[in-house]
2 protein chains.
Amino acid sequence: MEAKRSEGGLKHVQVREYVRELVAGAAPGSAAPSERELVARFGVARMTVRQALDVLVTEGLLERVPGRGTFVAHPRRRVGRLSSYSEDMKVRGLLPESQTLVARREQAGPGVARALDISPGDAVIHWKRLRRADQQIICVEDAYLNEVLLPGFLQSGMPTSLYQALEDRGLRPTWAEDAISASAATEDEASLLEIAPGSPVLQLSRRALCGDKVVNVSRSAFRPDRFTMHVQLGEPS
Amino acid sequence: MEAKRSEGGLKHVQVREYVRELVAGAAPGSAAPSERELVARFGVARMTVRQALDVLVTEGLLERVPGRGTFVAHPRRRVGRLSSYSEDMKVRGLLPESQTLVARREQAGPGVARALDISPGDAVIHWKRLRRADQQIICVEDAYLNEVLLPGFLQSGMPTSLYQALEDRGLRPTWAEDAISASAATEDEASLLEIAPGSPVLQLSRRALCGDKVVNVSRSAFRPDRFTMHVQLGEPS
DNA sequence: CAGTGGTCTAGACCACCGA
DNA sequence: CGGTGGTCTAGACCACTGT
């Protein structure tokens, strides 16, 4: 019984991850292993199993039904999860692609510096992309990344999904603050989006954080005829 | 040890509620009773105390700090609370007003019926308003309410804040599904918003629910020069 | 050092469910 | 009835924190 905090936990983590995998592809409503079954399988106390399952229940992955068992939870209304453009498009059944227009190291201007919570002049990565879904142009995005958090990012080849790349570095944003408005397309936006200058575009400014670190700020202009943003607010019932 | 499910729990509930009260008015960062202290006070096992505290930690009321103790949690970033236009404007320090353009009983069309989760032809309340903040025109909104849920709503005089009126009836929305886009102002929108036809407007379609009941669906067109929508997504860190 | 939370054990009785 | 989750006990050792 060597308890090591450095490994984040121990037995209950083993049990939890075992169940998590079992449950990953399972149909909602199907039965999860019973607590006593897991006790036997892992040779562990029931309180330990319960501790493992508690986490999954809190996450909304499992449901406990007294007297019957533990089951894969039915999909609940979830408060707006933070998803990336790529994930968003895949969920809609579209193929996300992006074409890099700019990818270079720059010095942060005052606005970007404030948003990234760094000092003006600090190094940032500026990544400008034209993004498509099923070949159709959807938006143009200017993203700025805190260079200090992402050493060698530009050298490692630009990924398709920014959030995936951040996740690989343990910096996947878990929180975003969005400002949403509309405006008339600038000349630049219009030509990139292949719409008439002055026609409406949906503007999204995002500040994405991982924990307390601002990893990414971006400003995107969407073609409103091809993109509607969906947001859920409030407490899941 | 009389375990009664009908009372919702037992000892751990006692402990939990005791701590909850203690913590209610306490300053963030101040110490909560230690686990062993609660064990002594309630003559209960430590696992029971932990079970009680687990709930409060999950709720975000308490924070555990290994080796130091349990503390009243610092106010956390909260996932976008559902606020009404009126509340939103007040938070920004502006005076919300609205001018009713239409307020009448109608039969639900197919789109409204589906959104309200009722049948086409069912009675709905249609309320169209021009909304201002500090006298400045901000948006025009078409709202539809499920008449069955709100008997006599039209007769009771139209309130300033729809959400307040719904709250008075115990139907304050706690969940909303928003679809956000941009479009060119129609003739009607343009003349009401006092902008040029064809200029960009921010479109917000909202489906507001209280529990499982859809109480209100609306479609608003905002002047983008005077309104930016702010949204927080993800898990509070 | 003493105190804290983190983890774990090996049992126990209860209420509830389905067969 | 046997199996399930819900609750609870009375201990235990660990890693970490502050003094």
Side-chain angles (χ1 to χ4, degrees), chain A residues 1-20 22-23 26 28-74, chain B residues 1-20 22-23 26 28-74:
Chain A
M1 175 187 343
E2 4 64 85
K4 298 187 187 172
R5 196 187 314 282
S6 55
E7 291 182 5
L10 8 158
K11 305 198 178 180
H12 89 260
V13 177
Q14 256 184 46
V15 177
R16 174 175 15 113
E17 295 310 317
Y18 170 79
V19 176
R20 196 198 294 281
L22 265 188
V23 152
S30 59
S34 82
E35 298 181 353
R36 286 161 177 91
E37 186 183 332
L38 292 166
V39 165
R41 174 184 294 270
F42 287 91
V44 89
R46 185 146 86 102
M47 287 300 303
T48 307
V49 168
R50 284 186 63 73
Q51 190 179 4
L53 297 185
D54 277 341
V55 174
L56 300 176
V57 169
T58 300
E59 284 181 12
L61 260 171
L62 295 180
E63 271 175 334
R64 290 205 243 244
V65 183
R68 300 224 303 122
T70 306
F71 303 89
V72 179
H74 291 273
Chain B
M1 177 190 338
E2 5 62 83
K4 299 187 188 170
R5 196 187 315 282
S6 55
E7 291 182 6
L10 10 158
K11 305 199 179 177
H12 89 261
V13 176
Q14 256 184 48
V15 178
R16 186 196 339 135
E17 295 311 317
Y18 170 78
V19 176
R20 195 198 294 281
L22 264 189
V23 152
S30 59
S34 80
E35 298 180 355
R36 286 165 177 86
E37 186 183 331
L38 292 167
V39 164
R41 174 184 294 270
F42 287 91
V44 90
R46 185 153 160 246
M47 287 300 303
T48 307
V49 168
R50 284 185 65 70
Q51 190 179 4
L53 297 185
D54 276 342
V55 174
L56 300 176
V57 169
T58 300
E59 284 180 11
L61 261 171
L62 296 180
E63 269 175 334
R64 290 204 244 244
V65 183
R68 300 222 305 121
T70 306
F71 302 89
V72 180
H74 292 273

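Note: hydrogens, waters and symmetry copies are ignored here, and every other heavy atom, side chains too, is used. So that the names make sense, note that chain A is the first sequence line, chain B the second, and so on, each numbered from 1.
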For nucleotides 1-3 of chain C, which of its nitrogen or oxygen atoms have a protein nitrogen or oxygen under 3.5 Å away, and what is each distance?
from  : atom 1 : to      : atom 2 : distance (Å)
C:dG3 : N2     : B:Gly67 : O      : 2.8

Original post:
When the nearest nucleotide of DNA chain C is assigned to A:Thr48 and to A:Val65 on a heavy-atom basis, which residue is associated with the more 5' position?
Top reply: A:Thr48
Nearest whole angstrom, please: distance from the [atom2] of [N] to the [atom1] of [X].
X	N	atom1	atom2	answer
B:Gln51	C:dT7	CD	C1'	16 Å
A:Leu38	D:dT4	CG	P	10 Å
A:Asp54	C:dC8	CG	P	13 Å
A:Lys11	D:dC13	NZ	P	15 Å
A:Arg50	D:dC8	CZ	P	11 Å
A:Leu62	D:dG5	CG	C1'	13 Å

Nearest 0.5 Å, please: how far is [atom2] in [Y] from [atom1] in [X]?
X	Y	atom1	atom2	result
B:Leu38	B:Tyr18	CG	OH	7.0 Å
A:Leu62	A:Arg20	CG	CZ	9.5 Å
B:Met47	B:Arg50	CE	CZ	7.0 Å

**OP:** Could you give me the CA-CA distance, side-chain angles and deciding distance for B:Arg68 and B:Glu63, then say whether salt bridge (charged side-chain N to carboxylate O under 4.0 Å, His left out) is met?
**Re:** CA-CA 11 Å; B:Arg68 300 222 305 121; B:Glu63 269 175 334; over 6 Å; no
Original post:
D:dA10 phosphate, OP1 or OP2: any side-chain N/O from B:Arg46 under 4.0 angstrom?
Top reply: no
Original post:
C:dT4 phosphate, OP1 or OP2: any side-chain N/O from B:Thr70 under 4.0 angstrom?
Top reply: no
Subject >> Which nucleotide in D:dG5, C:dC8, C:dA10 has an atom nearest any side-chain atom of A:Met47 >> reply: C:dA10
Original post:
Between C:dT7, C:dT9, D:dA10, which nucleotide has the shortest distance from any of its atoms to the side chain of B:Ala45?
Top reply: D:dA10
Original post:
Got a sec: does the CZ of A:Arg46 have more than 12 other heavy atoms crowding it under 6.0 Å?
Top reply: yes
**OP:** Return the set of residues passing side-chain contact (heavy atoms from CB on, under 4.5 Å) with B:Thr58 (not counting sequence neighbours), or none when no residue passes.
**Re:** A:Thr58
